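Handing you a structure now.
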2 protein chains.
Amino acid sequence: MFSPLYRQIKELMMRALGAGEWAPGTSIPSESELAIRFGVSQGTVRKAIDEMAAENLLVRRQGKGTFVASHNDPRSFYRFLRLTPDDGSARQTRSEPLSCRMVAATDTVARVLQLQVGDPVILVERLLRFDGEPVVYDEIFLSAEQFQGLTLDLLKESERSLYSVFESEFGMRMIRAEERLRAVGAEGRACELLAVPEGSPLLLVERVTYTYGDKPVEWRRGCYATGNYHYFNELS
Amino acid sequence: MFSPLYRQIKELMMRALGAGEWAPGTSIPSESELAIRFGVSQGTVRKAIDEMAAENLLVRRQGKGTFVASHNDPRSFYRFLRLTPDDGSARQTRSEPLSCRMVAATDTVARVLQLQVGDPVILVERLLRFDGEPVVYDEIFLSAEQFQGLTLDLLKESERSLYSVFESEFGMRMIRAEERLRAVGAEGRACELLAVPEGSPLLLVERVTYTYGDKPVEWRRGCYATGNYHYFNELS
DNA sequence: AAGTGGTCTAGACCACTCG
DNA sequence: GAGTGGTCTAGACCACTTA
């Protein structure tokens, strides 16, 4: 199987990232240093970095260096949240964790997170508010093994996004996600928390989030109240 | 305002595309020919093409050449349709045009398509079926000026996608779109055509589609029945 | 064999940041 | 001014397609 040099370099760099050699938010070695380290020309390293930058794994800053993308960076606090106010105005987004407990993996959760049915899983409930208004109710499932010690208090302490906490406290970096959307009728907790009548239409967003090596580490079921907000997507 | 050479080349090539110098589905000149034509090195042309290929405007095929992306290509018949069966199986997708008539632009349509309120607009109604099952009901608004002569018969004749007809018959190439999604209760025609009860949740997808030069040429309101299907999106 | 895009190199110079 | 990423070049060679 033929693989060009720059992809092999990329693979090596991905492993370095996965192994934590370069921490989120910090700069990686300069292109010329990497070229020497890997024994290739600078242009080849550059092409590897190009691809990783296109995938939002690295961020280039001219004159300063190349940095490992981080959910701690305010610029990417809610990087995966595609919900936007209809009028386009900026809102203050705040995450309100409601509960955090251990449950047994159901069929779906086990399949998605590559666990056995009944394996311990952490379930986090949380509410997302835009300017105080409750807009998203999330149920978040995490493999217990990798998030040992996660508590409601820990989540509440932080003013940052969830992924930011996962990154800082558990060394777990979320790099990619898949979302599946459908319209459903409101029921149960979502009704109360989002203050909408039973049966009223909600946008159900199911998300699988992956870390390095395409390993799924989070499954999320979010109910979005799309009265004054919409899910935005660009196609090309 | 500084702009690197390869972006200027890209701009020239975009104009050539917009002017119809290179038709969809055909190959553009080779990199070396373009390098001579624009008086730059091959590497610079290459970088311009790289960006355009990343935006799905061009398609490279090693050994053959670089081709202008086309909606006539079966590989991109429903390029912008993100609805997928829950079980992942392939379905036969068929577009069933229902009506095609002239209407006056409402506020929203005028704003989105950059027209005056009351300007003539073509409204197409159509149903999308997956393996015969009605799944999407679309209302499609097109600036009448640019789609003169569009008739229901013309749409019915074609076994291809709408954008394919637009491209072949009107020289209008859809290259990019923005979608805004929300959950709504079913009402009116959508109820009957999708065979769902009044008020049942539907995914409302509003799409603005652009041609070269970021010119909006289509506004679409689609009601998606997401009982056995979901809207799929990748985040990174 | 000829022509296309794809990779890789080495070197020059530009734009930006920071001390 | 020194160091970083960003651009541009020229040339060599590889991989793929077609005839």
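Source: prediction; values computed, not measured. In the text below, chain A, chain B and the rest are named by the order of the sequence lines, each starting its count at 1.
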| message | For R79(A), is there an ion pair with D73(A) - N to carboxylate O distance below 4.0 angstrom? | response |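 No, this pair does not count.
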| said: Taking salt bridge (Lys or Arg N to Asp or Glu O under 4.0 Å) as the definition, give me every residue that meets it alongside R94(A), ordered by chain and number, with sequence neighbours left out. | reply: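 Partners of R94(A) under the salt bridge (Lys or Arg N to Asp or Glu O under 4.0 Å) test: none.
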| Near-strand residues of residues 6-18 of chain B, defined as heavy-atom separation under 4.0 angstrom from DNA chain D |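 Residues of residues 6-18 of chain B that come under 4.0 Å of DNA chain D are, in numerical order, Y6(B).
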| said: Which residues pass the side-chain contact (heavy atoms from CB on, under 4.5 Å) test with E96(B), not counting sequence neighbours? | reply: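 For E96(B) the side-chain contact (heavy atoms from CB on, under 4.5 Å) partners, ignoring immediate neighbours, are L98(B), L127(B), R129(B).
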| Pairs where residues 17-27 of chain A contributes a residue and the test side chain to side chain donor-acceptor pair (under 3.5 Å) is met, not counting sequence neighbours |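 Listed by first then second residue: E21(A)-R37(A).
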| message | Looking at K10(B) and E55(B), is any side-chain nitrogen of the basic one under 4.0 Å from a carboxylate oxygen of the acidic one? | response |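 Yes, charged N to carboxylate O under 4.0 Å.
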| query | Under a 4.5 Å cut-off applied to non-hydrogen side-chain atoms, are L181(A) and L203(A) in contact? | reply |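 Yes, at least one pair of side-chain atoms sits under 4.5 Å.
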| request: Report the residue (F2(A) or F2(B)) whose heavy-atom-nearest nucleotide on DNA chain C is the more 5′ of the two. | output: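 The answer here is F2(A).
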| task | Would you list the pairs meeting salt bridge (charged side-chain N to carboxylate O under 4.0 Å, His left out) in which at least one residue belongs to residues 22-33 of chain B, sequence neighbours left out? | result |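 Salt bridge (charged side-chain N to carboxylate O under 4.0 Å, His left out) check on residues 22-33 of chain B returns E31(B)-R46(B), E31(B)-R60(B).
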| task | Salt-bridge test for R7(A) and E51(A): reply yes if a basic N is under 4.0 Å from a carboxylate O, no otherwise. | result |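 Yes.
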| said: Give the residues of residues 23-34 of chain B touching DNA chain C, defined as any heavy atom closer than 4.0 Å, sorted by residue number. | reply: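 Residues of residues 23-34 of chain B under 4.0 Å from DNA chain C: S30(B), E31(B), E33(B).
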Below 3.5 Å, can you tabulate the donor-acceptor pairs from side chains in residues 141-149 of chain A to any protein atom, sequence neighbours excluded?
unit_1, atom_1, unit_2, atom_2, d
S143(A), OG, Q146(A), NE2, 3.3

What nitrogen or oxygen pairs link the protein and nucleotides 17-19 of chain D at under 3.5 Å?
unit_1, atom_1, unit_2, atom_2, d
dT18(D), OP1, K64(B), NZ, 3.2

| said: Applying the salt bridge (Lys or Arg N to Asp or Glu O under 4.0 Å) criterion to E206(A), which one of R220(A), R221(A), R180(A) satisfies it? | reply: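 The salt bridge (Lys or Arg N to Asp or Glu O under 4.0 Å) with E206(A) is passed solely by R221(A) among R220(A), R221(A), R180(A).
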| request: Report the residues that fulfil ring pair (Phe, Tyr, Trp, His ring centres under 6.0 Å) with F130(A), sequence neighbours left out, ordered by chain and then residue number. | output: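 Once residues adjacent in sequence are excluded, the partners of F130(A) under the ring pair (Phe, Tyr, Trp, His ring centres under 6.0 Å) criterion are Y229(A).
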| field | Salt-bridge contact E178(A)-R207(A) (side-chain N to carboxylate O under 4.0 Å) | value |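 No salt bridge links E178(A) with R207(A).
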| query | If we only count heavy atoms from C-beta on, is the F77(B) to Y163(B) side-chain gap below 4.5 Å? | reply |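 No, side chains not in contact.
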| Listed by chain and number, what are the side-chain contact (heavy atoms from CB on, under 4.5 Å) partners of N72(A), not counting sequence neighbours? |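 In terms of side-chain contact (heavy atoms from CB on, under 4.5 Å), with neighbours along the sequence ignored, N72(A) is linked to S70(A), R160(A), S164(A), E167(A), S168(A).
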| field | More than 12 heavy atoms from other groups under 6.0 Å of CD on E159(B) | value |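 Counting neighbours around CD of E159(B), 12 or fewer heavy atoms of other residues, nucleotides or ligands fall under 6.0 Å, so no.
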| Contact interval (first through last nucleotide) of DNA chain C with protein chain B, 4.0 Å heavy-atom |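 Span of nucleotides near chain B: dG3(C) to dT7(C).
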| Can you list, by residue number, the residues of residues 37-52 of chain B that have a non-hydrogen atom closer than 4.0 angstrom to DNA chain D? |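 V40(B), S41(B), T44(B), K47(B) - these, ordered by number, are the residues of the stretch whose heavy atoms sit under 4.0 Å from the strand.
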